[in-house]
Amino acid sequence: MIINNKTEQEKRDIIVNEIDKSMFVEAGAGAGKSTLIVARIINQLKSGIEPCELVAITFTNAATHELKERIVKAALKEKKKTDL
């Protein structure tokens with residue numbers, strides 16, 4: 001899916017909310033890719049998609065570990081919200 005003709009916020013909203021499509025997210029360091037990917041994965045899990053159905057690819061082992069930690073932290077936070 002190519003979304004070049006959108007504003008930055010529209011692009012971010014698409015990445016986070018259009019969970020039924022595959023996405024390739026490319027941006028420079030500090031652009032917020034990890035934050036968007038974590039929000040997208042949390043939305044996918046909330047919609048009923050099983051974790052084993054999800055794939056996120058990073059370019060380094062360090063980025064993989066950081067992304068995993070962020071996803072787990074966000075999932076636990078989300079679970080606490082629903083347990084209230």
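Heavy atoms only: backbone and side chains are in, while hydrogens, waters and symmetry mates are out.
- Of the options Ile41, Leu36, Ile37, a side chain to side chain contact (heavy atoms under 4.5 Å, CB included) to Val16 is made by Leu36 and by none of the others.
- To the nearest 0.5 Å, atom CD of residue Gln44 and atom CG of residue Leu54 are 5.0 Å apart.
- Among all heavy-atom pairs drawn from Thr58 and Thr60, the shortest one is OG1-O, 3.1 Å.
- Using a 4.0 Å cut-off between a side-chain N of Lys or Arg and a carboxylate O of Asp or Glu, Glu66 and Arg70 qualify as a salt bridge.
- The side-chain heavy atoms of Glu10 and Asp13, taken from C-beta on, include no pair separated by under 4.5 Å.
- Lys33 places a side-chain N or O within donor-acceptor distance of the main-chain N or O of Ala27, the cut-off being under 3.5 Å.
- Expressed to the nearest 0.5 Å, how far CG of Asn5 lies from NZ of Lys11 amounts to 8.5 Å.
- To the nearest 0.5 Å, atom CZ of residue Arg40 and atom CG of residue Leu45 are 11.5 Å apart.
- A donor-acceptor pair under 3.5 Å is formed between the side chain of Glu53 and the backbone N or O of Glu50.
- One distance of note links CD of Glu78 with NZ of Lys80; it measures 12.5 Å at 0.5 Å rounding.
- In this structure, Ile71 is a member of the same hydrophobic cluster as Ile49, with clusters built from ILVMFWY side-chain heavy atoms closer than 4.5 Å.
- Criterion: ILVMFWY side-chain heavy atoms under 4.5 Å apart, direct or through other members. Under it, Val25 and Val38 are not part of a common hydrophobic cluster.
- Linking Ile, Leu, Val, Met, Phe, Trp and Tyr residues whenever their side-chain heavy atoms come within less than 4.5 Å places Ile42 and Leu67 in a single cluster.
- Atom CZ of Arg12 and atom OG1 of Thr35 lie 8.5 Å apart (nearest 0.5 Å).
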